[in-house]
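Notes to accompany the following structure.
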Protein chains: 2
Amino acid sequence: MYSISEIAKKVDISAHTLRYYEKEGIIDPIRNDHGVRQFDEQHLKWLQFVKKLRETQMPVSQIKEYTRLFLEGEHTANARLRLLEDHRQFIRDQIETLLGTDDMLSKKISTYKELMEKSLMK
Amino acid sequence: MYSISEIAKKVDISAHTLRYYEKEGIIDPIRNDHGVRQFDEQHLKWLQFVKKLRETQMPVSQIKEYTRLFLEGEHTANARLRLLEDHRQFIRDQIETLLGTDDMLSKKISTYKELMEKSLMK
DNA sequence: GTTTGACTTAGAGTGCACTCAAACGTCTAC
DNA sequence: GTAGACGTTTGAGTGCACTCTAAGTCAAAC
């Protein structure tokens, strides 16, 4: 069992943000008899998954929705699958955009370097 | 010469956002004798460049900084080069993250599909 | 036994990037 | 000559995702 600060460190998400995620219904830690949050390996895995979704710009609202469906049970598997597939498509589109801009930047960077060499030769 | 709404359409950035960019010093359209903004091909090209930077998450503040350096002249070429190289690195890191999550999602999606096939066979 | 430090809560504040509102000016078409 | 489409401005509002504050509880360390 981990305290909020321990798990915060492990997943590299601030304790503040974890409380915010709890308020949003994305996590539901166990509480001990003093009301202190306790996180287990399941929570850790879930948070690592959530983190990957956030790192790839899935909105918190969509993660909420996914969580809600998950908690609703088996019969929402189809809807969850669709959410994941949609996000994968978003990721792929994003990769395309990034590759395109990488390319443009590389060209621009080359031009800059050429220009600077020329001015050095003067 | 394009009006604000014409260029907004061309680059697919709202007129509102273009005015905001102007306030931030990212663009500096010409004004006619009635104070109406006029954009030319140079502005168009610049905005297309800015758009690519924004699409790849470069903060407006950094685009501002790049613009400022650009307007300062030749002697800032080195600083501008560094900005672009940093952003290219950011893009490459982002691509890595996206590829990793794409992979994870693909595995999860396969698992979902297998599960659903099994439940169909019951 | 008191201090330290980690935890709790509700609710307010922050920063970013827009996005809109209101009040007004100007051009063109009918 | 007036309606309507488009432009202008300043300043306020929005939505997202945190991020922090204040006031309090509790347990172990000194």
Side-chain angles (χ1 to χ4, degrees), chain A residues 1-40 43 46-68 83 87 90 94 97 101, chain B residues 1-40 43 46-68 83 87 90 94 97 101:
Chain A
M1 285 297 206
Y2 311 112
S3 71
I4 197 163
S5 59
E6 280 165 351
I7 198 130
K9 211 170 173 181
K10 264 194 190 300
V11 290
D12 196 30
I13 298 176
S14 79
H16 274 314
T17 301
L18 291 174
R19 291 193 193 97
Y20 162 69
Y21 283 175
E22 182 182 0
K23 203 178 64 189
E24 294 298 315
I26 288 169
I27 40 169
D28 191 18
I30 305 144
R31 302 293 184 118
N32 69 13
D33 34 349
H34 298 299
V36 175
R37 293 171 184 83
Q38 308 284 160
F39 297 84
D40 61 20
H43 291 115
W46 176 252
L47 281 170
Q48 280 162 347
F49 173 60
V50 168
K51 203 190 178 196
K52 275 189 173 295
L53 297 179
R54 285 295 303 126
E55 278 174 353
T56 55
Q57 282 82 60
M58 185 187 273
V60 168
S61 61
Q62 259 175 60
I63 300 177
K64 259 167 94 165
E65 174 67 2
Y66 184 87
T67 308
R68 199 186 60 71
L83 257 171
H87 187 57
F90 168 84
Q94 191 61 17
T97 301
T101 303
Chain B
M1 285 298 206
Y2 311 112
S3 71
I4 197 161
S5 59
E6 279 164 352
I7 198 130
K9 210 171 175 180
K10 264 195 189 301
V11 289
D12 195 31
I13 298 178
S14 80
H16 275 313
T17 301
L18 292 174
R19 291 195 193 98
Y20 162 69
Y21 284 174
E22 182 182 3
K23 202 179 64 190
E24 294 298 316
I26 290 169
I27 41 171
D28 191 19
I30 306 143
R31 303 292 184 120
N32 68 14
D33 34 349
H34 298 298
V36 174
R37 292 172 184 84
Q38 308 285 158
F39 298 84
D40 61 20
H43 290 114
W46 176 252
L47 280 169
Q48 279 161 348
F49 173 60
V50 168
K51 203 190 178 194
K52 274 190 175 294
L53 297 179
R54 284 294 304 124
E55 278 174 353
T56 56
Q57 281 83 62
M58 186 187 271
V60 167
S61 61
Q62 261 175 60
I63 300 177
K64 259 168 93 164
E65 175 66 1
Y66 184 87
T67 308
R68 198 186 60 72
L83 256 171
H87 188 57
F90 168 83
Q94 191 61 17
T97 301
T101 303

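Every chain is numbered from 1 and lettered A, B, ... according to where its sequence line falls, protein lines coming before strand lines.
Here the nucleotide nearest the side chain of B:Val36, chosen from C:dT8, D:dT8, C:dA17, is D:dT8. You'll find that the side chain of B:Tyr20 is closest to C:dT19, out of D:dA17, C:dT19, C:dC7. For A:Thr17, the side-chain atoms get nearest to D:dT19 when compared with the rest of D:dA17, D:dT19, C:dA17. Closest contact between the side chain of A:His16 and the listed nucleotides C:dC7, D:dT19, D:dT8 involves D:dT19.
Distance B:Arg19 CZ to D:dG13 C1': 17 Å, rounded to the nearest Å. We find that NZ of A:Lys9 is positioned 11 Å from P of C:dC7, with the value rounded to whole Å. In this entry the distance linking CD of B:Gln62 with P of C:dA17 reads 10 Å, nearest Å. The distance from atom CD of B:Gln38 to atom P of D:dG7 is 10 Å, rounded to the nearest whole Å. Computed from coordinates, the A:Glu24 CD to C:dG11 P distance equals 15 Å when rounded to whole Å. Rounded to whole Å, atom P of D:dC18 lies 14 Å from atom CE of A:Met58. Whole-Å rounding puts the A:Lys23 NZ to C:dA12 C1' distance at 10 Å. Straight-line distance from the CG atom of A:Leu18 to the P atom of D:dC20: 14 Å, rounded to whole Å.
For C:dT9, one of the phosphate oxygens OP1 or OP2 lies less than 4.0 angstrom from a side-chain nitrogen or oxygen of A:Arg31. Regarding contacts with the backbone of C:dC7, a side-chain N or O of A:Ser5 is found under 4.0 angstrom from either OP1 or OP2. In this model, the phosphate group of D:dC18 is not approached by any side-chain N or O of A:Ser14 to a distance below 4.0 Å at OP1 or OP2. Between A:Arg37 and C:dC7 there is no side-chain N or O to OP1 or OP2 distance below 4.0 Å. OP1 and OP2 of D:dC16 both lie 4.0 Å or more from every side-chain N or O belonging to A:Ser61. OP1 or OP2 of C:dC18 lies within a sub-4.0 Å distance of a side-chain N or O belonging to B:Arg54.
Scanning all heavy atoms of the two residues, the minimum distance from B:Ile26 to B:Thr67 falls at O-CG2, 3.8 Å. When all heavy atoms are compared, the tightest approach of B:Ala15 to B:Ala8 is N-CB, 3.8 Å.
A salt bridge links B:Glu65 with B:Arg68: the closest approach of a Lys/Arg side-chain nitrogen to an acidic carboxylate oxygen falls below 4.0 angstrom. A salt bridge links A:Arg31 with A:Glu22: the distance from a Lys NZ or Arg NE/NH1/NH2 to an Asp or Glu carboxylate oxygen falls below 4.0 Å.
Where A:Tyr21 and A:His34 each meet DNA chain D at their nearest nucleotide, the meeting point lying more 5' is that of A:Tyr21.
Side-chain atoms of B:Gln48 and B:Lys51, non-hydrogen and from C-beta on, never get closer than 4.5 Å to each other.
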